[in-house]
Amino acid sequence: GGELLDLLHELAERGGDAKRSELLRFLVARAAVPFLGMLRRWIYEGVLDDPHHEFMVAEDESLGDTAQVAEDFTTAYWERRYSLRP
């Protein structure tokens, strides 16, 4: 998840020899694919697809089905349903 991406990015930023840098860039690119997919769905579709609860946004699922967005498309709905993880 996000912690792995942070660690890989930190290691890549430290530099080192060419092979190490190439490997770390490869790992960051591959590890970022699921995160970027979640981010894309959240931004463009308003869908939070986070089965392992690793994304920066948390959803209050106790509020029921997201289909009610069509009925309650207000800022209050979004503020109640979603929050940033600490």
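Note that the structure is a prediction, hence the values are computed from the model and not measured.
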(request) Could you list the residues that satisfy side chain to side chain contact (heavy atoms under 4.5 Å, CB included) with His53, not counting sequence neighbours? (result) Asp50, Arg85
(request) Report the distance from atom OG of Ser21 to atom CD of Glu13, rounding to the nearest 0.5 Å. (result) 10.0 Å
(request) Would you mind listing the cluster partners of Leu27? Hydrophobic ones only (ILVMFWY), side-chain contacts under 4.5 Å, chaining allowed. (result) Leu4, Leu7, Leu8, Leu11, Leu23, Leu24, Phe26, Val28
(message) Hydrophobic clusters here meaning ILVMFWY residues chained together by side-chain heavy-atom distances under 4.5 Å, can you tell me if Val57 and Ile43 are in one?
(response) yes
(message) Quick check on the hydrophobic clustering: are Leu84 and Leu5 connected, directly or via other members, by side-chain heavy-atom contacts under 4.5 Å?
(response) yes
(message) Checking Arg20 now: which residues fulfil side chain to side chain donor-acceptor pair (under 3.5 Å) with it, not counting sequence neighbours?
(response) none
(message) Please check if the number of heavy atoms outside Glu3 that lie under 6.0 Å from its CD is greater than 12.
(response) no
(request) Describe, in one word, how the ring planes of Phe55 and Trp42 are oriented to each other, choosing from parallel (under 30°), tilted (30 to 60°) and perpendicular (over 60°). (result) perpendicular
(request) Look at the side-chain heavy atoms of Ile, Leu, Val, Met, Phe, Trp and Tyr, link any pair under 4.5 Å apart, and say whether Val33 and Met38 land in one connected group. (result) no
(message) Rounded to the nearest 0.5 Å, what separates atom CG in Leu48 from atom CE in Met56?
(response) 10.0 Å
